[in-house]
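Working notes for the structure below.
Below, chains carry the letters A, B, ... as their sequence lines are ordered, and counting in each starts from 1.
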Amino acid sequence: VTWASPPEAWQAAPAGRRTSPRVVAVHTVTFRQARQFVPVLIPIAAATGFRGGTPMIVIAVVAITLLSLAAAALSWSRFSYLDGPTSVVVTRGLLARSVRTVPNDRVRGVEVEAPALHRLFGLVRVRIDAAAGSVTGDGEELVIDGVTRAEGNRLRTSVLAPGSSAPAAGVTAPDEEEIARFDNRWLLYAPVVGSYLALPLAAVGALLRLAEELPRRFRPQLDEPDLSDAQLLVFTLAAALLLLVVGSVVGAALVNWRFRLVRRGGALVAARGLVTRRHTELEIDRIRGGTLSEGLGMRLVGAARTTALVTGLGEAARRGQLLPLGPRLQAEALLHRLVDDPGPLLPHPTAALRRRIGRAVAAGLLVTALGVVATAALGWWWVLALGAVLTALGVPLGLGRYAALGHRAGPRSFTVRSGWLVREQAVLQRRAVVGWQVRQTFFQRRAGVATVVACVGAGAGGYAAVDMAADDIAAFTVAASGPWARAFHRP
Amino acid sequence: MIPAPVREPAWQVSRSAIGLWVVQGLISSIVWAAAVGIGMLVVPVEVGGPVPVLREAAPVVVAVYAVVVTGVRPFIRHRVHRWEITADAVHALTGWLNRTWTLVPVSRIQTVDVTRGAMQQMFGLASVAVLTASSQGTVLIPHLEADVAQRVADDLAHRAEAVRDEAT
């Protein structure tokens, strides 16, 4: 057997592209490669005793920096990438060479991010998200670190543009349309959003850990605070609260600064961030719907977040965000641009309300029952009181959970909603459904309700309509997916 | 009799599955009985607290459990478990107290797996798993006769190949 020409992979690979040499400087400063030597260096330093004062420290710092420079230069020289017409190839490795090839049709998204230091040198980092196999749900990622901004943009369009190698920049500007833009006033919503409140707490935690590591003589000497002073206590609490509020706003500003969502050709491009600027590109063809989520605090001030459901997108919760934080009306309008509005939600039957309240007060009733025993046997009346309070609080909780429930099938899309702490409404295209699951517990069967899960190859993998009337299910599934679901119809 | 929320699939799983479920129930009963027996040997009555009550109650609980999982559950499961392959979808019902219906169109099938566990092999059984792009959209048809399972899997894989639309 003779081949007219050997298979493509056997031909001498064309020379790959290199990342910018400036990235060596970035990696030297951040000790990116040298970091892996730290576990080795610490025992050496400990064994030699590390005496000698300031000169020794200077020498050590210079040596480590040189080491870092050498490591960064070496790994730069061994790294190359090539975006061919059909696939992206990344070659890397200091001793063992590794070559990774990702076919273009497996690329699910490209993210161009510019951390602060990279921006100083005019560089960006490109992450290419490739779905390895959608069964496991985790994709693979190619990282090309340290190309110029122009090259990053060229790479993004070249990898994502279907069937074309890099279109000459500037010749045909793809039609561009701004869809959403972040209004800085929306930052004021941040203190009621759980994830942004967590930011200052995490920062304080990191600071405290750092303080623990400091040698004793660098730590400030503080007197034990006098906790009996009510004025001081109130002042401290107020200061902490203020810090939390300001911290959450600052955190939200860092992440969402100058957020912009544009449609460029067949893709949605979201750009955001103050220190690290990220560009995320989502293919419109792969969008199957979206979610509108409102936390408990966000509902009080009328704020919401919109996320796109994209098939095969890794880290979907962050990358799919189309409006990270904004007024509910705006978020809703954006969601309905993505997928047709199926109409107002239909409420679930009264049995669902009974079940929600029953479940919400169950814990309270249990504590109350224990409280009766405890009061009789040990005189612990406070257990009884706690049980009564919990039971009473369970009623509004149950009502709130019921109010969140709803579903609706429209002509080309459908929606389901549930959740109380974070209320999430998913609106999905009919073609998004890859299967239906109907679950009915023993108690649901007696109440004449069941939970219907629309299985989707995007986002969380499934979106549930909790406690739907059992008789409505067959009609809903057919209306929301297709004639194949008629298998659910009772004869 | 409360009607099911959606239609039940037409076909039952193999009768040998009852034997398999009885053996599985027997094994887990023996494990629990052994655990309770060891507990009664190790923990003396004199410890006080709830121990004397537990010593009385634990054997009763294990006995009831053993009767349910060997004498009741396998038979209810066999009556509940059903499956069917219609012209354009795979439909399965599993469970005993809580029930789950799963329906997946043939056009969205990504892979079809046949698995034969060690104990399934003794009873000549096999399970078919139909996977889609969604982590939650997996249809599991447990305990079919091995040759039926293989034929079903081959047929489904073949048809999925022919009618597959976009893989998601």
For this session: With a 4.5 angstrom heavy-atom cut-off, could you sort out which part of B:Ala87 is near chain A: side chain, backbone, both or neither?
Result: neither
Seminar exercise, completed: In short, B:His91 meets A:Phe488 closest at the heavy-atom pair NE2-CE2, 3.4 Å
Exercise. Quick check: are there more than 12 heavy atoms from other residues, nucleotides or ligands sitting under 6.0 Å from CZ of B:Arg116?
Worked result: yes
Exercise. Under 3.5 Å, is there a donor-acceptor pair between the side chain of B:Arg7 and the main chain of A:Ala487?
Worked result: yes
For this session: Indicate the atoms forming the closest heavy-atom contact of A:Gln437 with B:Gln136, along with that distance.
Result: NE2-O, 3.7 Å
Exercise. Would a distance-only check, ignoring hydrogens and angles, find a side-chain to backbone donor-acceptor pair under 3.5 Å from B:Arg108 to A:Val433?
Worked result: yes
Problem set entry | Engaged part of A:Ala460 at the chain B interface, taking heavy atoms whose separation is under 4.5 Å | backbone
Exercise. Is any side-chain heavy atom of A:Arg490 closer than 4.5 Å to a side-chain heavy atom of B:Glu8?
Worked result: no
Seminar exercise, completed: OG1 of B:Thr86 to CZ of A:Arg486, rounded to nearest 0.5 Å, is 10.5 Å
Exercise. Which one of A:His489, A:Gln440, A:Met468, A:Arg286 has the most heavy-atom pairs closer than 4.5 Å to chain B?
Worked result: A:Gln440
Seminar exercise, completed: Shortest non-hydrogen pair, B:Gly137 vs A:Cys455, comes out as CA-SG, 3.5 Å
Problem set entry | More than 12 heavy atoms of other groups within 6.0 Å of B:Trp96 CH2 | yes
Problem set entry | Intermediate values then yes/no, side-chain contact (heavy atoms from CB on, under 4.5 Å), B:Thr102 and A:Trp436 | CA-CA 6 Å; B:Thr102 326; A:Trp436 289 103; over 6 Å; no
Exercise. Taking all non-hydrogen atoms of both residues, which atom of B:Val6 and which atom of A:Ala474 are closest, and how far apart?
Worked result: CG1-N, 4.3 Å
Problem set entry | Atom group of A:Val453 that falls short of 4.5 Å from chain B, counting heavy atoms | side chain
Exercise. Do you know which two heavy atoms are closest between A:Val434 and B:Pro105, and how far apart they sit?
Worked result: O-CD, 3.4 Å
Exercise. Between B:Val104, B:Leu97, B:Val139, which has the largest tally of heavy atom pairs under 4.5 Å with chain A?
Worked result: B:Leu97
For this session: Look up atom CG in B:Leu103 and atom CH2 in A:Trp484, then write down how far apart they are to the nearest 0.5 Å.
Result: 5.0 Å
For this session: Quick one: pull up OG1 in A:Thr477 and CH2 in B:Trp101 and give me the separation to the nearest 0.5 Å.
Result: 12.5 Å
For this session: Return yes if some donor-acceptor pair links the side-chain N/O of B:Ser134 with the main-chain N/O of A:Gly461 below 3.5 Å, else return no.
Result: yes
